[in-house]
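A short worksheet on the structure shown next.
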2 protein chains.
Amino acid sequence: MASSRTIGALSREAGVGIETIRYYERIGLLPPPRRAESGYRHYNDDDIGRLRFVKRGRELGFSIDEIRTLLQLAAQPEQPCAEADRLVREHLAEVEQRIADLSRLHAELAGLACCSERRASDCRIIEALAGAPLPHA
Amino acid sequence: MASSRTIGALSREAGVGIETIRYYERIGLLPPPRRAESGYRHYNDDDIGRLRFVKRGRELGFSIDEIRTLLQLAAQPEQPCAEADRLVREHLAEVEQRIADLSRLHAELAGLACCSERRASDCRIIEALAGAPLPHA
DNA sequence: ATTGACCCTGTAGTGGCTACAGGGTCTAGG
DNA sequence: CCTAGACCCTGTAGCCACTACAGGGTCAAT
């Protein structure tokens with residue numbers, strides 16, 4: 001019930017690296033925690049919650065700035081959350097775009113991987129990169 | 001037939017930014033070109049080819065170091081191209097992994113975007129980030 | 001008293017560009 | 001011949017989100 005922990009314990013509990021936690025504090029994403037006389041940081045349960053929120057946001061692909069906004073929204077429970085919704089939709093569109101890009105990429109790469117036995121002069125990979133005809137065998 | 005162009009012309013022909021071309025030269029990805037007395041860089045047709053090769057490689061998602069390797073392979077036409085093939089297959093696996101990751105992400109985000117009219121205190125987005133129960137409505 | 005795990009600050013590096021600042025050069029029009 | 005404006009040069013710093021030190025201090029157990 002002490003609910004006070006050093007940065008190492010917080011790191012393990014939240015699954016976020018120590019250096020990353022200090023970085024988040026430096027950029028103002030996490031508030032400066034209480035300090036012991038030694039100068040050691042000490043975190044309480046709210047701090048874990050906040051850090052987990054940040055971690056989850058990063059896993060969902062939000063930028064630090066977007067997470068900053070989401071944290072502010074979370075702290076104002078009376079405000080409507082249209083802003084959060086907008087962020088999510090925007091992000092969703094970006095993810096869809098990236099999936100589409102990667103799928104095209106995948107098709108292109110899949111068409112290349114097949115020439116281990118040839119010499120580089122005939123290599124379809126090299127040809128494709130060089131912009132050679134590549135008449136589809 | 002002069003086949004000599006300044007960096008600006010090369011930039012337009014290859015579709016690569018001027019600053020990026022100078023950056024590629026600085027890191028040794030492109031060889032230093034001939035210089036006019038004024039100090040201006042002048043590029044020939046081989047240089048466009050090489051730069052286009054690099055551009056295409058980047059578009060296919062290869063790292064600068066991978067492109068360095070591919071360029072070396074392309075310059076040794078008698079070598080078998082197993083190495084190029086390995087690079088492509090490795091890269092293909094990474095792309096597949098990223099598509100899978102993004103697809104999971106997409107599903108998660110899609111499940112969140114739907115609460116514009118609520119207040120932040122009930123917002124499923126905020127809840128999901130905070131690790132709240134989220135009992136699926 | 002010592003060991004070793006932990007913590008501190010501050011700085012520099014990563015990748016792949018991109019954006020200046022502060023200058024020099026070249027060319028077309030007047 | 002002069003000037004405006006487009007182009008080029010070098011060198012450095014910034015971007016994102018960390019990550020990795022270096023060089024020190026603290027704490028708990030033995």
Side-chain angles (χ1 to χ4, degrees), chain A residues 2 4-30 32-43 47 50-71 91 94-95 98 101 105, chain B residues 2 4-30 32-43 47 50-71 87 90-91 94-95 98 101 105:
Chain A
S4 182
R5 51 190 74 61
T6 64
I7 198 170
L10 178 66
S11 172
R12 281 186 295 276
E13 281 183 72
V16 175
I18 289 175
E19 312 264 19
T20 304
I21 295 170
R22 287 199 281 246
Y23 166 72
Y24 286 161
E25 181 185 335
R26 203 159 57 241
I27 64 173
L29 194 60
L30 299 179
R34 185 173 74 74
R35 298 276 187 145
E37 286 187 14
S38 61
Y40 283 22
R41 291 169 178 84
H42 281 272
Y43 297 93
D47 294 322
R50 197 176 168 97
L51 181 53
R52 286 210 176 118
F53 188 106
V54 170
K55 189 199 180 196
R56 186 99 182 88
R58 291 294 298 136
E59 284 169 356
L60 287 171
F62 291 102
S63 73
I64 296 287
D65 261 5
E66 284 168 339
I67 291 171
R68 226 185 278 272
T69 302
L70 289 169
L71 278 168
H91 193 55
E94 277 168 37
V95 169
R98 272 196 286 161
D101 289 348
L105 210 57
Chain B
S4 182
R5 49 190 74 63
T6 64
I7 197 169
L10 177 66
S11 171
R12 282 186 295 276
E13 282 184 72
V16 175
I18 289 175
E19 312 264 21
T20 304
I21 295 170
R22 286 199 281 247
Y23 167 72
Y24 285 162
E25 181 185 334
R26 203 158 58 243
I27 63 172
L29 194 59
L30 299 179
R34 185 173 74 76
R35 296 279 187 143
E37 286 188 14
S38 62
Y40 283 22
R41 290 169 178 84
H42 280 273
Y43 297 92
D47 293 323
R50 197 176 169 99
L51 181 53
R52 287 212 175 116
F53 188 106
V54 171
K55 189 199 181 196
R56 187 97 182 88
R58 290 295 297 137
E59 284 169 358
L60 287 171
F62 291 102
S63 73
I64 296 286
D65 260 6
E66 286 168 339
I67 291 171
R68 225 185 278 271
T69 303
L70 289 169
L71 278 168
L87 272 180
E90 232 176 70
H91 193 54
E94 276 167 37
V95 169
R98 272 195 287 160
D101 289 349
L105 210 55

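To find a chain, count down the sequence lines: A is the first, B the second, and so on, and within it residues start at 1.
Between the C1' atom of dA17(D) and the CD1 atom of I27(A) lies a distance of 8 Å, rounded to the nearest Å. Separating the NE2 atom of H42(A) from the P atom of dT26(D) is a distance of 13 Å, rounded to the nearest angstrom. Going from atom CZ of R58(A) over to atom C1' of dA17(D) covers 6 Å, rounded to whole Å. Spacing between atom CZ of R68(A) and atom P of dC16(D) amounts to 10 Å, rounded to whole angstrom units. R41(B) has its CZ atom 17 Å from the P atom of dC7(D), to the nearest Å.
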message: Checking D101(B) against L105(B) for the side-chain contact (heavy atoms from CB on, under 4.5 Å) test, could you report, in this order, the C-alpha distance in whole Å, the side-chain angles of both residues, the deciding distance, and whether it holds?
response: CA-CA 6 Å; D101(B) 289 349; L105(B) 210 55; over 6 Å; no

message: Walk me through whether R98(B) and E94(B) qualify under salt bridge (charged side-chain N to carboxylate O under 4.0 Å, His left out).
response: CA-CA 6 Å; R98(B) 272 195 287 160; E94(B) 276 167 37; 5.6 Å; no

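Close to dC16(D), at under 4.0 Å from its OP1 or OP2, lies no side-chain N or O of S63(A).
When the nearest nucleotides of DNA chain C are assigned to Y40(B) and Y43(A) by heavy-atom distance, the more 5′-ward of the two goes with Y43(A). Between Y23(A) and E37(A), the one whose closest nucleotide on DNA chain D sits nearer the 5' end is Y23(A). For the pair R35(B) and G17(A), nearest-nucleotide mapping onto DNA chain D gives the more 5' position to R35(B). Residue order along DNA chain C, read from the 5' end via each residue's closest nucleotide, puts I18(A) first among I18(A) and R26(B).
Nucleic acid contact class of Y24(A) (heavy atoms, under 4.0 Å, all strands): sugar-phosphate only. Within the 4.0 angstrom heavy-atom criterion, base atoms lie near R22(A). Heavy atoms of I7(A) sit under 4.0 angstrom from primed sugar atoms or phosphate atoms, though from no base atom.
With a cutoff of under 4.0 Å to any heavy atom of chain A, the contacted region of DNA chain C is bounded 5' to 3' by dC6(C) to dT9(C).
Without hydrogens or angle criteria, R5(A) side chain to A9(A) main chain gives no donor-acceptor distance under 3.5 Å.
Annotation: the span from E13(A) atom CD to D47(A) atom CG amounts to 11.0 Å, rounded to 0.5 Å. Summarising the geometry, atom CG belonging to L30(B) is positioned 11.5 Å from atom OH belonging to Y23(B); distances are rounded to the nearest 0.5 Å. Rounding to the nearest 0.5 Å gives a distance of 9.5 Å between CZ of R41(A) and CD1 of I21(A). Here the CG-CZ distance, from L29(B) to R50(B), works out to 7.0 Å after rounding to the nearest 0.5 Å.
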